[in-house]
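Taking it in order: structure first as structure tokens, then the write-up.
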Amino acid sequence: MGLSIGLPAVPFAKDLYGPDALIMKGIDGTNWRLKGYESLGGYQALRRIFNEKITPENVIAEVKKSALRGRGGAGFPAGLKWSFMPRQFPGAKYLVCNSDEGEPGTFKDRDILRYNPHSVIEGMTIAAYAMGIPVGYNYIHGEIWDVYERFEEALEEARAAGYLGDKILGSEFNFQLHAHHGFGAYICGEETGLLESLEGKKGQPRFKPPFPASFGLYGKPTTINNTETFAAVPWIIVNGGEAFLNMGKPNNGGTKIFSISGDVARPGNYEIKLGTPFPKLLEMAGGMRDGAKLKAVIPGGSSMPVLPADIMMATDMDYDSIAKAGSMLGSGAVIVMNETRCMVKSLLRLSYFYYEESCGQCTPCREGTGWLYRMVDRIEHGKGRNEDLDQLNRVADNIQGRTICALGDAAAMPVRAFIKHYRDEFQYHIDHKKCLVAPYI
């Protein structure tokens with residue numbers, strides 16, 4: 001194909017991933033091609049399946065045993081999702097990788113596609129075999145064209161080596177995998193909005209049910225998983241589901257890549273065992289930048305509820321612990337804020353994002369996100385009223401749970417959490433027409 005790839009634009013920091021890395025173990029920023037992947041044990045899982053004649057049912061059982069949960073945000077058990085696919089369905093079936101990484105603060109999937117694309121290809125091929133699916137698509141976010149090009153090169157390498165296409169590795173299994181480039185709409189990260197876009201239509205979420213497993217791409221049974229979810233599958237097949245589970249916690253198997261940004265000394269991606277205490281993760285990221293004091297953390301991407309420092313410092317990084325603390329693990333985007341950050345200004349930026357990204361299909365989201373943004377904007381600029389805080393909560397309550405997809409929830413949850421934990425700052429803006437904390441420069 002001869003594509004010109006200008007990656008990496010930023011020097012690859014392999015030391016950031018940590019000693020427990022599975023997906024990114026051995027990745028150095030240069031060994032992304034097929035030979036490099038094979039030198040690290042790549043495609044051993046696929047070869048093992050065909051050499052040992054492991055049945056599709058046993059593959060699914062191993063993924064179930066691993067307690068691998070969807071790494072895109074919802075955390076749904078991957079093996080259970082795979083078991084929903086009707087294997088004996090006579091018509092077309094599809095497999096889709098959701099690489100539409102648009103959640104503010106999240107940048108893990110693009111690193112996987114940039115530096116370890118064959119892990120996603122192998123994982124998708126194994127998943128397709130397990131569910132009897134002949135065709136797959138990787139929907140890649142619209143603002144990372146260079147990553148899309150790199151994945152296309154990796155696909156060509158895999159086809160030439162017999163890992164994709166007809167009669168894979170001499171077996172009777174056929175699987176065609178294609179890359180699809182999106183155009184940057186956040187709403188296309190929602191799985192049915194993604195399917196609509198993939199079909200060439202406006203990216204708007206569908207009503208559910210029916211769910212994609214019965215009515216997905218082109219109206220056919222479809223399974224959708226996140227990039228990181230597929231990339232973990234080869235390790236599970238080679239080492240066993242139990243080994244993956246034992247690396248994490250019950251119901252939280254394996255490792256997870258966390259994208260840390262904000263007021264830390266070393267922002268970046270860190271792959272750690274699920275259940276690792278947050279203070280350990282913060283230490284890996286170099287601690288707070290310039291010795292500042294930790295104030296707040298959004299633990300799973302901008303759509304998740306913010307948590308104060310004292311709660312986060314006593315919380316482990318896994319799905320259940322974060323939920324118990326009052327937030328969600330989400331996509332694994334950890335946004336760290338120090339004591340100089342204004343919570344009103346932070347919420348204003350988030351509210352503007354969800355207002356701009358609403359597809360407009362649902363009235364509560366279309367009208368409510370703009371209402372939230374305008375009220376927070378009023379408070380930030382010294383025009384707030386005492387009734388605004390209760391009104392913000394009421395509007396958020398009337399959005400959350402009342403829309404076709406979760407974007408409404410994503411707009412509402414931050415508002416409620418910011419006011420819950422930092423109401424004094426909002427009240428100070430209203431009373432004094434200025435910020436409680438000095439702006440960070």
Where the side chain of [X] meets the backbone of [Y], is there a donor-acceptor pair that is under 3.5 Å apart?
| X | Y | answer |
| --- | --- | --- |
| Ser351 | Leu348 | no |
| Glu271 | Thr255 | no |
| Glu157 | Leu34 | yes |
| Asn116 | Ile112 | no |
| Arg159 | Gln176 | no |
| Lys81 | Phe76 | no |
| Glu62 | Ile236 | no |
| Asn252 | Lys249 | no |
| Asn98 | Asn225 | no |
| Ser346 | Cys342 | yes |

How many angstroms lie between [atom1] in [X] and [atom2] in [Y], if you round to the nearest 0.5 Å?
| X | Y | atom1 | atom2 | result |
| --- | --- | --- | --- | --- |
| Leu169 | Leu164 | CG | CG | 9.5 Å |
| Asp100 | Ile140 | CG | CD1 | 10.0 Å |
| Asp316 | Ile322 | CG | CD1 | 8.0 Å |
| Leu217 | Thr192 | CG | OG1 | 12.0 Å |
| Thr222 | Met85 | OG1 | CE | 6.0 Å |

**Request:** Applying side chain to side chain contact (heavy atoms under 4.5 Å, CB included), run through Ile187 and Gln204 and close with a yes or a no.
**Result:** CA-CA 7 Å; Ile187 196 64; Gln204 287 190 322; over 6 Å; no
Do [X] and [Y] meet the criterion of a side-chain donor-acceptor pair at a distance under 3.5 Å?
| X | Y | result |
| --- | --- | --- |
| Tyr148 | Arg110 | no |
| Asn138 | Ser99 | yes |
| Tyr37 | Glu122 | yes |
| Ser302 | Tyr354 | yes |
| Thr106 | Glu101 | no |

Please examine the side chains of [Y] and [X], heavy atoms only from C-beta on, and report whether any two atoms are closer than 4.5 Å.
| X | Y | result |
| --- | --- | --- |
| Thr125 | Phe173 | yes |
| Glu149 | Glu152 | no |
| Tyr129 | Ile168 | no |
| Leu329 | Phe258 | yes |
| Ile54 | Arg48 | yes |

Within a 6.0 Å radius of atom [atom1] on [X], are there more than 12 heavy atoms belonging to other residues, nucleotides or ligands?
| X | atom1 | answer |
| --- | --- | --- |
| Lys53 | NZ | no |
| Glu57 | CD | yes |
| Tyr43 | OH | yes |
| Lys202 | NZ | no |

**Item:** Verdict with supporting geometry, Lys201 and Glu196, salt bridge (Lys or Arg N to Asp or Glu O under 4.0 Å)
**Value:** CA-CA 5 Å; Lys201 296 179 285 188; Glu196 290 288 292; 3.4 Å; yes
**Prompt:** Is any side-chain N of the basic residue among Glu153 and Arg33 closer than 4.0 Å to the acidic one's carboxylate O?
**Reply:** yes
**Prompt:** Does a salt bridge link Lys256 with Asp318, judged by any charged N lying under 4.0 Å from a carboxylate O?
**Reply:**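 Salt bridge flag = no for Asp318 with Lys256.
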Shortest non-hydrogen contact from [X] to [Y]?
| X | Y | value |
| --- | --- | --- |
| Asp263 | Arg289 | OD1-NH2, 2.9 Å |
| Met328 | Pro305 | N-CD, 4.4 Å |
| Gly70 | Tyr319 | O-OH, 3.1 Å |
| Ile298 | Met304 | CG2-O, 3.5 Å |

**Message:** Between Asp111 and Arg114, does the salt bridge (Lys or Arg N to Asp or Glu O under 4.0 Å) criterion hold? Intermediate values first, please.
**Reply:** CA-CA 5 Å; Asp111 258 17; Arg114 178 181 280 131; 3.2 Å; yes
I want to know whether [X] and [Y] have ring centres closer than 6.0 Å.
| X | Y | answer |
| --- | --- | --- |
| Tyr373 | Tyr352 | yes |
| Tyr137 | His180 | no |
| Phe353 | Tyr186 | yes |

**Message:** Parallel, tilted or perpendicular: which one describes the rings of Tyr218 and Tyr94, with boundaries at 30° and 60°?
**Reply:**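 Geometry flag for Tyr94 against Tyr218: perpendicular rings.
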**Request:** Show the numbers, then the answer: is there a salt bridge (Lys or Arg N to Asp or Glu O under 4.0 Å) between Glu199 and Arg206?
**Result:** CA-CA 13 Å; Glu199 292 178 2; Arg206 303 172 180 173; 2.9 Å; yes
**Item:** Leu350/Phe418 under side chain to side chain contact (heavy atoms under 4.5 Å, CB included): CA gap, chis, key distance, verdict
**Value:** CA-CA 11 Å; Leu350 296 180; Phe418 269 83; 3.9 Å; yes
**Request:** Output, in order, the C-alpha distance, side-chain angles, deciding distance and verdict of side chain to side chain contact (heavy atoms under 4.5 Å, CB included) for Ile404 and Glu190.
**Result:** CA-CA 10 Å; Ile404 292 173; Glu190 195 279 334; over 6 Å; no
